[in-house]
Structures are given as structure tokens and as C-alpha cells.
Amino acid sequence: MKKPSIPKGTRDFSPVEVTRRNYIMDTIKGAFHNFGFQPIETPSFENSETLMGKYGEEGDRLIFKILNSGDYLRKVDDATYTEKDSGKLTPKISEKALRYDLTVPFARYVVQHQNDITFPFKRYQIQPVWRADRPQKGRFREFYQCDADVVGSTSLWQEVEFVQLYDTVFNKLKLDGVTIKMNNRKILSGIAEMIGAEDKLIDFTVALDKLDKIGEEKVKAEMLEKGISQDAIEKLKPLFSVSGNASEKLATLKTLLSVSTIGMEGISEMECIVNAIETLKLSAATLEIDVTLARGLNYYTGAIFEVAAPKNVAMGSIGGGGRYDDLTGIFGMKDMSGVGISFGLDRIYLVLEELDLFPKTVTANTRVLFINFGEKEALYAMQAISALRKEGIPAELYPDSTKMGKQMGYADKRDIPFVVLAGESEMSDGNYTLKNMKSGEQLKLDRAQLLSKLK
RNA sequence: GUGGUUGUAGCUCAGUUGGUUAGAGCGCCUGAUUGUGGUUCAGGAGGUCGUCGGUUCGAGACCGAUCUUCCACCCCA
């Protein structure tokens with residue numbers, strides 16, 4: 001018989017994995033609450049028109065489309081069918097699609113429920129999203145995002161709080177050495193303006209983003225290839241060597257971008273955030289200015305964040321976010337600024353695993369197993385089990401009265417620390433024999449003693 | 001979506017230039033041990049070699065397609 005399997009890029013989670021994932025999720029949730037965010041949930045699939053075109057051309061390709069139900073092909077006209085143009089056929093046979101991220105559904109939620117929402121609205125959302133990508137290490141086709149966003153406030157204090165939120169979570173997870181990289185879309189625009197390549201902003205930033213990965217020369221080559229002039233690239237030169245701490249970098253940028261109003265605006269925003277964080281201090285993370293950071297440009301308009309795992313772990317970013325002044329604009333609601341961040345649960349899991357940072361605490365395991373000696377003995381055991389459970393001590397009875405070796409082996413394999421043996425002789429004395437599986441020590445106890453011993 | 005890579009027992013993997021009945025370790029089951037697990041010993045079960053097709057007298061091995069794994073690109077958590 002063919003062995004069953006699961007689709008590419010999806011995973012099953014074992015009890016240990018679920019426990020560990022819950023540990024991360026509970027930590028993040030706790031911090032979200034602590035910072036005043038409220039939870040919402042949205043459907044796992046949306047109308048296609050809600051998602052399509054919101055993530056760029058590449059995004060559209062990676063959205064999982066859901067086939068219409070019924071005899072969907074019959075409703076397609078012959079011309080469209082014969083043409084075999086997927087782009088034209090898809091909207092006719094698919095009207096729903098799986099959630100691709102949590103930000104766009106959130107924007108939809110805000111616009112749809114605007115009359116019931118009190119602004120500024122701080123929401124968090126922890127749900128799976130789906131991408132039809134090719135899986136790699138730390139990249140799956142089904143994965144969880146943990147997002148926190150605020151809409152309805154342009155205050156830079158939000159950005160400051162998000163930096164603190166990142167720091168709080170990583171501190172609680174004992175994950176030291178993460179770097180929160182920060183940039184600002186306005187600075188990128190300013191640079192493009194300065195070199196006279198405003199129209200090539202996206203191409204220019206995508207190339208710039210690769211600086212630490214492929215090096216200065218290759219970045220220049222890619223820019224040249226995208227039609228950015230040699231002259232313009234020359235003007236970028238000082239940018240490649242911006243160094244020092246945050247304040248020093250800002251000072252350098254100020255002289256470089258003095259000609260650009262928008263660039264200066266970005267610098268002053270970053271300055272505000274950096275100054276606040278310098279006073280408030282971070283404990284687990286470092287805030288770093290990185291003018292080459294350029295993610296999510298399809299909607300970010302101000303601050304851009306990306307969190308890098310500690311340097312000794314080979315892992316891409318474990319979180320990201322930014323400010324988007326007009327996210328709800330795509331659904332017809334103007335002047336609603338938003339800013340938010342996201343935690344990559346699956347990647348954080350891999351990092352904690354690699355650094356052996358999961359707490360050793362005994363997982364929500366059974367504390368005591370009662371050996372089953374038969375009907376009468378099982379009933380006797382159940383009385384003690386009920387009493388233990390009432391005290392909050394996880395206890396269970398081996399369901400079948402099979403050979404003792406098998407029952408003991410079960411306790412051993414499941415790492416259950418105590419076993420109770422209660423057969424005829426114990427029953428007649430009103431006792432229970434408690435065995436410590438680690439030391440092998442055995443004690444005869446009455447029910448009250450058993451309870452206090454297992455507490 | 002582009003290029004490469006991987007698939008043999010429940011798990012980790014051997015398997016020679018194509019040649020008879022495909023192996024090991026771990027795990028599992030049974031017994032030594034009918035009220036004592038983790039150790040030891042003896043025995044046992046388990047595989048249409050990812051799938052489909054092709055070459056050949058003969059394919060786990062060679063060829064093609066497809067699925068899967070991992071990697072790079074693209075992009076991203």
C-alpha cells in the first residue's frame with residue numbers, strides 16, 4: 001500500500017514540537033498583551049480580489065488560489081478556454097484564495113469594521129499563512145505569522161514601542177544578540193533623488209539590499225544593468241562606507257542628503273527613534289541603522305524594520321515590519337496610517353533549537369501511571385486517580401490489564417516519573433505501592449500520603 | 001518560476017563494471033522473567049528498492065517523465 005504523505009512544504013508537529021511552539025507563541029502573546037494589543041482573527045481564505053495585486057507580480061504568483069466548486073470549467077467561455085492564458089482564466093475558475101500574510105487581511109478588516117473600531121486600533125494576530133513558494137531551510141508553504149499593528153496614529157512613539165516589543169520578546173526567550181535593523185523609506189527616496197534616479201527607486205533599492213550578501217561591485221553591476229547611470233552610481237560611493245554607531249551614521253547621512261527634503265525628513269524620524277531608544281535602553285537586542293535595508297517597498301512609506309538572528313546562526317530574518325501610511329487606501333479608506341511588526345515563529349523555533357534555548361521543564365506530561373491488574377483493581381485505582389486529578393496532578397490508568405512488563409515499559413518510554421501498583425494485597429490494606437521510576441525506590445502509602453507525595 | 005540535488009525496512013544508512021534468494025545498526029514483537037521498566041541473552045516479523053514508463057536475456061543500479069527532499073537564484077517569515 002502507498003504510504004500516506006503531506007504536501008510539499010507542510011509539516012506535522014509532534015507533541016514536543018507543539019509544546020515548544022506554544023512556548024514561543026505564549027511568550028509573544030504575553031508581550032503583545034503587555035503592550036496593549038488586542039487579538040483578532042480573520043478567515044484562512046479571502047476573496048481573490050482582496051489579495052490579488054497587493055503583493056506585486058511575484059506575490060500574485062505565490063498566492064494559493066482555490067478552485068471554484070461545482071462544474072467550474074463549463075462556465076468558462078470558449079475563447080478564454082482556447083487561449084490558455086492562465087492570467088485570464090484564473091479569475092474565472094477561482095474566486096477565493098488562501099491568506100498570504102496578515103497585513104492585507106487586517107487592512108480589509110479595518111476598512112470593513114471602521115464604524116465599530118476605536119482608533120488608534122492596536123491589534124495582534126497569530127495565524128497561519130500560505131505561500132506557493134519552493135521550500136528551503138526555514139521556508140515553508142504553510143507557516144505562522146505573529147503580527148502586531150497599530151492603525152490611526154502617525155506618532156513615532158509607535159515605532160519606539162515596536163522596537164521595545166521586539167526586545168521584550170527576545171529577552172523573554174533568552175535569545176541574546178539579535179539585531180533590529182532599521183531604515184526609512186524616505187531616506188531611500190532621498191538617496192534616489194540625490195543621484196537623480198527617482199523613477200528607478202525599486203530597482204535601485206532591491207540592488208542596494210543585496211550589499212552585505214554579494215558585495216559592492218556586484219551591486220553596482222546590477223544597478224548598471226537596471227539602467228542606473230554610471231554617474232549616479234558614483235554619487236552613491238560615500239553611502240557604501242557609512243559606519244559607526246547610530247548617531248554617527250545619522251550625522252554622515254545628514255551631510256550626504258542635505259539636498260533632499262524627503263531624505264532629511266526620514267533622517268529626523270530615525271533620529272527621534274534612536275534618541276528615545278538610547279534613553280530607554282534595550283536588553284537583548286541591538287538597534288542598528290542600515291541604509292541598505294529595503295523590504296516591503298510595495299507599501300512601506302516610513303520606518304522599515306528587519307530582525308536578524310544572532311550572528312552565529314545561519315538563518316534569514318526572524319521578523320520584519322514597518323510603517324505604511326496608506327495601507328487601507330487600497331480598500332478605499334484614506335488617511336489611515338499604520339505601523340506594525342511580525343515575528344517569524346517557525347524561524348525563531350529553528351534558532352532556539354540550534355542554540356538549545358528551549359526550557360528543559362518537563363513537558364505537560366503525565367506524572368503518575370497506575371498499573372492495571374484487572375477490573376476490581378482498576379476501579380480501586382480510579383478512585384485514587386480522581387483524587388489526584390482534582391489536585392491538578394496529571395494521572396492515568398493503563399487501559400488494559402496486560403502483562404506488567406508491558407505496562408512498566410509504557411511508563412518508561414513516555415518518561416512518566418512515577419508508577420502506582422495496587423493489586424489484591426494493597427487493596428486489602430487500603431494502600432498503594434508508589435514506585436519512583438528513576439531511583440527504583442518503592443513505598444507503601446495510604447491515599448492521603450500518596451497525594452501529598454505526588455504534589 | 002529557473003538551475004542543481006535526494007529517495008532502499010518504522011528510523012539512520014550499506015548494496016562493487018547491470019547477474020540468482022536486497023543487507024546492517026537502532027526500533028518493534030515473542031521468550032528467558034505469570035507483581036516490576038530502563039541492562040543482558042535467544043528467537044521472530046517487517047521491503048512491489050518514491051511512482052509510472054523505457055533500454056536489456058536480466059534493472060535497486062542505466063535512460064525518460066513525475067512526485068518528494070535539500071541547496072542556489074527569484075522573492076520572502
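Residue numbers begin at 1 in each chain, while the letters A, B, ... track the order of the sequences. Values reported hereafter were calculated over all heavy atoms of this structure, with side chains retained and with hydrogens, waters and symmetry mates removed.
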Reckon A:Lys413 has a side-chain N or O less than 4.0 Å from the OP1 or OP2 of B:rG27?
no
Residues 285-292 of chain A, side-chain donor-acceptor partners within the protein, below 3.5 Å, at least two apart:
| unit_1 | atom_1 | unit_2 | atom_2 | d |
| --- | --- | --- | --- | --- |
| A:Asp290 | OD1 | A:Thr292 | N | 2.9 |
| A:Asp290 | OD1 | A:Thr292 | OG1 | 2.6 |

Of all residues at least two apart in sequence or in a different chain, which pass the side-chain hydrogen bond (donor to acceptor under 3.5 Å, both in side chains) check with A:Arg367?
none
For RNA chain B, which residues of residues 368-389 of chain A approach it to below 4.0 angstrom with any heavy atom?
none
Can you find an N or O donor on one side and an acceptor on the other, under 3.5 Å apart, linking the side chain of A:Arg134 with the base of B:rG3?
yes
Those residues at least two apart in sequence (or on a different chain) that pass ring pair (Phe, Tyr, Trp, His ring centres under 6.0 Å) with A:Phe162 are A:Phe37
Name all residues meeting the side chain to side chain contact (heavy atoms under 4.5 Å, CB included) criterion together with A:Leu352; count only those two or more places apart in sequence or in a different chain, and write none if there are none.
A:Tyr23, A:Ile24, A:Leu173, A:Leu175, A:Ile348, A:Leu357, A:Phe358
By side-chain hydrogen bond (donor to acceptor under 3.5 Å, both in side chains), A:Asp149 pairs with (sequence neighbours left out) A:Arg123, A:Tyr324
For RNA chain B, please output the secondary structure as dot-bracket, reading 5' to 3'. Pairs are Watson-Crick or G-U wobble, both atom distances under 3.5 Å; mark crossing pairs with [ ], other-strand partners with |, unpaired with a dot.
((((..(..((((.....[...)))).(((((.......))))).....(((((..]....))))))..))))....
Presence of A:Gln407 side-chain N/O under 4.0 Å of B:rG37 phosphate oxygens OP1/OP2:
no
Side chain to side chain donor-acceptor pair (under 3.5 Å) pairs, two or more places apart, involving residues 165-178 of chain A
A:Asp167-A:Ser283
Considering only residues two or more places apart or on different chains, which pairs with a residue in residues 37-48 of chain A satisfy side chain to side chain donor-acceptor pair (under 3.5 Å)?
A:Thr42-A:Gln125, A:Glu46-A:Arg108
With respect to the phosphate group of B:rC74, does any side-chain polar atom (N or O) of A:Lys210 fall under 4.0 Å of OP1 or OP2?
yes
Are A:Tyr380 and A:Phe373 close enough that their ring centers fall under 6.0 Å?
no
List the residues meeting side chain to side chain contact (heavy atoms under 4.5 Å, CB included) with A:Arg414, not counting sequence neighbours, and say none if there are none.
A:Asn365, A:Thr366, A:Glu396, A:Tyr410, A:Ile416
So if I take residues 422-429 of chain A and measure heavy-atom distances to RNA chain B, which residues fall below 4.0 Å?
A:Gly423, A:Glu424, A:Ser425, A:Glu426
Donor-acceptor list for residues 440-452 of chain A side chains, cut-off 3.5 Å, not counting sequence neighbours:
| unit_1 | atom_1 | unit_2 | atom_2 | d |
| --- | --- | --- | --- | --- |
| A:Asp446 | OD1 | A:Ala448 | N | 3.2 |
| A:Asp446 | OD1 | A:Gln449 | N | 2.9 |
| A:Arg447 | NH2 | A:Gln383 | OE1 | 3.4 |
| A:Gln449 | OE1 | A:Asp446 | N | 2.9 |
| A:Ser452 | OG | A:Gln449 | O | 3.0 |

So, does A:Lys435 get its side chain near the phosphate of B:rU36, meaning an N or O under 4.0 Å from OP1 or OP2?
no
By the 4.0 Å heavy-atom rule, please label A:Phe343 as base, sugar-phosphate, or nothing.
nothing
